[in-house]
There are 2 protein chains.
Amino acid sequence: MKSTATALQTAEDSADTGAQQIRDAIRDAIVERRLSPGTKLSENDVGNLFNVSRTLARAALQALSYEGLVSVEKNRGAFVAYPSPEEARQIFAARRLVEPGILREAAARISPSQIQHLKQLLLEEGRLMSERGQTARRAEIKASGDFHLTLAAISGNAIMQRFMDELVARSSLVIALYGQSTISSCGHSEHGDIVAAIERNDLDEACRLMLHHIAHIEADLDLRERKSVGLKEAFEL
Amino acid sequence: MKSTATALQTAEDSADTGAQQIRDAIRDAIVERRLSPGTKLSENDVGNLFNVSRTLARAALQALSYEGLVSVEKNRGAFVAYPSPEEARQIFAARRLVEPGILREAAARISPSQIQHLKQLLLEEGRLMSERGQTARRAEIKASGDFHLTLAAISGNAIMQRFMDELVARSSLVIALYGQSTISSCGHSEHGDIVAAIERNDLDEACRLMLHHIAHIEADLDLRERKSVGLKEAFEL
DNA sequence: GACGGCTAAATTGTATACGATATTTTGCAC
DNA sequence: GTGCAAAATATCGTATACAATTTAGCCGTC
């Protein structure tokens with residue numbers, strides 16, 4: 001349990017309160033799949049883990065619920081979100097809807113140094129792919145999402161960036177739940193293809209590749225009701 | 001001041017807490033422009049207004065800050081958001097990015113009864129336009145946004161619907177701040193044109209009209225820095 | 001042995017209390 | 001009268017306390 005606590009404390013100050021740090025720490029834990037969907041996050045436990053009162057723990061959980069990463073049930077508590085197949089479909093539908101547009105925006109304003117940055121991301125991603133171990137796996141998951149997030153950042157639209165933050169994080173949950181192949185890294189080369197298309201200014205092709213890429217990720221899912229897996233409804237645990 | 005208090009108490013239960021009601025009440029007040037950008041929303045005042053403790057008031061303000069309708073400054077308090085011109089541009093850029101996609105999704109699954117519903121909305125909107133008075137104006141503002149929100153609802157994607165909720169609400173703030181013409185109702189007929197295009201299944205045209213419509217709204221804005229207008233920096237309250 | 005209700009423990013919902021930070025006011029020197 | 005410094009005030013940040021609801025355990029009855 002303490003493992004999650006040590007992996008954080010990343011010290012931010014621009015936020016309004018210390019609850020932000022807790023939120024970010026828990027979010028990272030969810031996105032990196034150290035916390036499984038359905039896991040109960042009681043306010044007391046969270047507070048103790050971070051050595052703060054329930055007030056802050058609660059605020060952090062509330063924040064996460066707005067992002068769709070945690071679902072809070074009245075008088076019952078907070079749980080790591082357990083997206084339904086329908087939710088999963090909607091998440092990817094949303095991505096198909098917005099990512100081509102973001103890509104176009106990004107391509108229109110991208111600078112050479114930003115292209116370089118993207119390529120470096122790809123390199124890092126590839127390096128992680130070849131490594132073994134849990135930590136490498138987690139870093140790879142994060143890196144894979146970072147590609148899409150960086151594109152959103154380059155687009156220069158903070159609102160779309162925040163939205164993509166949410167979509168990528170929730171995608172990670174969906175993949176954790178419904179993903180079939182060991183890792184979604186199969187799509188790594190597709191990232192490279194997209195960057196290449198951007199570089200030669202072939203936006204239509206880049207968008208096509210992006211849609212294909214998203215469809216590829218989605219195709220790896222087995223979207224069938226797995227209700228109550230990991231929840232106490234399954235075995236009374 | 002009490003006027004805002006009377007306009008609410010709409011009783012929800014599906015949410016996790018009573019803070020939701022307060023949040024919705026304040027959001028309505030902001031969207032209907034009873035609360036001006038920059039207005040201070042102190043936790044004490046909000047709590048007293050709704051006869052709850054600061055705890056709930058704070059939770060509601062936090063929630064609104066996640067939606068971008070309220071900005072909380074550390075150790076200074078919460079204020080009705082005062083979107084910068086750049087933020088305004090990004091909000092409308094986001095709308096241009098997602099609304100055509102939402103429109104296509106909605107058109108693909110729309111039922112005759114839903115078309116009827118849309119037309120009824122238009123009628124209501126037109127009726128409000130011809131009326132006089134503050135209440136009619138406010139209702140009109142809300143109705144105008146409801147058109148876009150209804151389209152998002154028809155699309156069947158809850159995530160995009162929530163996103164549009166946020167965008168429409170923030171648009172209302174932007175228009176309140178930078179709008180030039182007395183009311184943005186100039187675009188009402190455009191709503192009708194869009195529905196007509198959907199009805200005859202001319203999606204390309206519908207999307208074109210939608211983009212045109214959004215551009216129209218944006219063109220009515222005067223996006224120049226108006227810093228501190230309405231804030232105490234202007235005349236010391 | 002299974003079911004139903006009752007009590008006790010745990011957990012969340014909300015309020016209050018206290019400390020920290022920012023803002024305003026006051027007072028004094030210049 | 002102006003400007004700065006320090007106290008007073010107001011407001012936010014966080015913790016703790018109490019009430020309400022849910023959950024779990026227990027026991028008696030069928």
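Every chain is numbered from 1, with letters handed out A, B, ... down the list of sequences.
Across the protein-nucleic acid pair, K40(A) atom NZ and dT23(D) atom C1' stand 9 Å apart, rounded to whole Å. Atom pair Q62(B):CD and dC12(D):C1' shows a separation of 11 Å (rounding to whole Å applied). Taking atom NZ on K74(A) and atom C1' on dT11(C), their separation rounds to 14 Å, with Å as the unit. The interatomic distance linking E73(A) (CD) with dT23(D) (C1') rounds to 14 Å, in whole Å. In this structure, N44(A) atom CG and dC18(D) atom P are separated by 16 Å, rounded to whole Å. Distance CD (E43(B)) to P (dT21(C)): 16 Å, rounded to an integer number of Å. Residue F50(A) contributes atom CZ, which lies 16 Å from atom C1' of dT14(D) at whole-angstrom precision.
Here the side chains of N157(B) and F163(B) are not in contact, with every heavy-atom distance at 4.5 Å or above.
For S42(B), the side-chain hydrogen bond (donor to acceptor under 3.5 Å, both in side chains) test picks out D45(B), with sequence neighbours left out. F147(B) meets the ring pair (Phe, Tyr, Trp, His ring centres under 6.0 Å) test with H191(B); sequence neighbours excluded. Annotation: side-chain hydrogen bond (donor to acceptor under 3.5 Å, both in side chains) contacts of S171(A) (sequence neighbours excluded): R95(A). Under the side-chain hydrogen bond (donor to acceptor under 3.5 Å, both in side chains) criterion, S113(B) pairs with S111(B), not counting sequence neighbours.
When the nucleotides dT21(C), dT11(D), dT12(C) are ranked by their closest atom to the side chain of N75(B), dT21(C) comes out on top.
Listed by first and then second residue, the salt bridge (Lys or Arg N to Asp or Glu O under 4.0 Å) pairs that reach into residues 149-162 of chain B are E166(A)-R162(B), sequence neighbours excluded.
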Dump every N/O contact between nucleotides 15-17 of chain D and the protein below 3.5 Å, one line per pair.
from: dA15(D); atom 1: OP2; to: S53(A); atom 2: N; distance (Å): 2.9
from: dA15(D); atom 1: OP2; to: S53(A); atom 2: OG; distance (Å): 2.9
from: dA15(D); atom 1: N7; to: T55(A); atom 2: OG1; distance (Å): 2.9
from: dT16(D); atom 1: O4; to: T55(A); atom 2: OG1; distance (Å): 3.4

